[in-house]
Amino acid sequence: MSYVADPRVDAYIDALPDWQQRICHEVRDLVHAADPEVEETIKRTVQPYFVLQGNICALLAAKTHVNVFLYDGAIVPDPEGIITGGHDNKTARTVAVKEGEKLNAPALLAMFEQIIANNRAGGWRKLKG
């Protein structure tokens, strides 16, 4: 897959243990596969964000897992039950992936596509409100 990679995102991922690198690369590829116009950047000093007319998701590696923050205002359906945290959060929910776990790529890709569609329609705040 070809996309414009932000070297700061590369640096963030490259500094992680191998198992976290694999998860981050898979998420990165999925979000770019959701739409070729997705851009990546760093916000909050070091955190990788993926954006297209608003935030789509962010990555945060923790000691025992990688958090994928989905910026959807809790309006994107989760029929496969991949959301692991933030169910009551008004801005973002999380998918935590632990070492040895397999990422549910089809479900996450569908959520990215819906978040992008919502962003293009004015964002989750507008749609929810």
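If you read the sequence from its start, that first residue is 1, and numbering goes on from there.
Side chain of N89 to backbone of T91: a donor-acceptor contact under 3.5 angstrom is found. Using a distance-only test at 3.5 Å, with no hydrogens or angles considered, a donor-acceptor pair links the side chain of E40 to the main chain of D6. Looking at Y12, its side chain does come within 3.5 Å of a backbone N or O of A61 through a donor-acceptor pair. Looking at Q20, its side chain does come within 3.5 Å of a backbone N or O of A62 through a donor-acceptor pair. A donor-acceptor pair is defined here as one N or O able to donate and one able to accept, closer than 3.5 Å; no such pair exists between the side chain of E113 and the backbone of A34.
Residues R8 and T41 bring a donor and an acceptor atom of their side chains to less than 3.5 Å of each other. For the residue pair E101 and H65, no side-chain donor N or O sits within less than 3.5 Å of a side-chain acceptor on the partner. Side-chain contact check for N118 and K126: no donor-acceptor pair (N or O, by modelled atom type) lies under 3.5 Å. Side-chain contact check for Y71 and N119: no donor-acceptor pair (N or O, by modelled atom type) lies under 3.5 Å.
Cluster membership for V27 and L52, using ILVMFWY side-chain heavy atoms within less than 4.5 angstrom, is shared.
Counting heavy atoms from C-beta outward, I83 and T94 have side chains that stay 4.5 Å or more apart. Counting heavy atoms from C-beta outward, M111 and L70 have side chains that approach closer than 4.5 Å. You'll find the side chain of E37 reaches within 4.5 Å of the side chain of R120, heavy atoms only. Inter-residue side-chain proximity for V95 and N67 is flagged as unmet; no heavy-atom pair is nearer than 4.5 Å. Residues V97 and E26 form no side-chain contact, since every pair of their non-hydrogen atoms from C-beta on lies 4.5 Å or further apart. Between Y49 and R44, the closest side-chain pair of non-hydrogen atoms falls below 4.5 Å. Put simply, the side chain of V66 does not reach to within 4.5 Å of the side chain of L60, judged on heavy atoms. Residues V76 and R93 have side chains in contact (heavy-atom distance under 4.5 Å, counting atoms from C-beta outward).
Just one of L109, L108, N104 meets the side chain to side chain contact (heavy atoms under 4.5 Å, CB included) condition when paired with P106; it is N104.
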Exercise for the section: Report the C-alpha separation of R28 and I13 in whole Å, then their side-chain angles, then the decisive distance to 0.1 Å, and conclude whether the side chain to side chain contact (heavy atoms under 4.5 Å, CB included) test is met. Expected result: CA-CA 10 Å; R28 185 188 210 183; I13 294 172; 4.1 Å; yes
Exercise for the section: Report the C-alpha distance between I115 and C57 in whole Å, list the side-chain angles of each, state the deciding distance to 0.1 Å, and finish with yes or no for side chain to side chain contact (heavy atoms under 4.5 Å, CB included). Expected result: CA-CA 9 Å; I115 293 168; C57 69; over 6 Å; no
Practice task
For side chain to side chain contact (heavy atoms under 4.5 Å, CB included), just list the numbers for I56 and V51, CA-CA rounded to whole Å, side-chain angles, deciding distance to a tenth of an Å, and then say yes or no.
Solution key: CA-CA 5 Å; I56 302 164; V51 299; 5.6 Å; no
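Closest approach of W19 and K63 over heavy atoms only: CZ2-O, 3.9 Å.
Here CD1 of I75 is found 11.0 Å from CZ of R125. Values are rounded to the nearest 0.5 Å. The line from CG of D18 to NE2 of H25 is 9.5 Å long, rounded to the nearest 0.5 Å. Atom CD1 of I116 and atom CG of D35 lie 5.0 Å apart (nearest 0.5 Å).
Remark: aromatic rings of F50 and F112 are distant, center separation not under 6.0 Å.
The local environment of CG in D14 is crowded, with over 12 non-hydrogen atoms from other residues, nucleotides or ligands closer than 6.0 Å. The neighbour count for K128 NZ, taken as heavy atoms of other residues, nucleotides or ligands under 6.0 Å away, is above 12.
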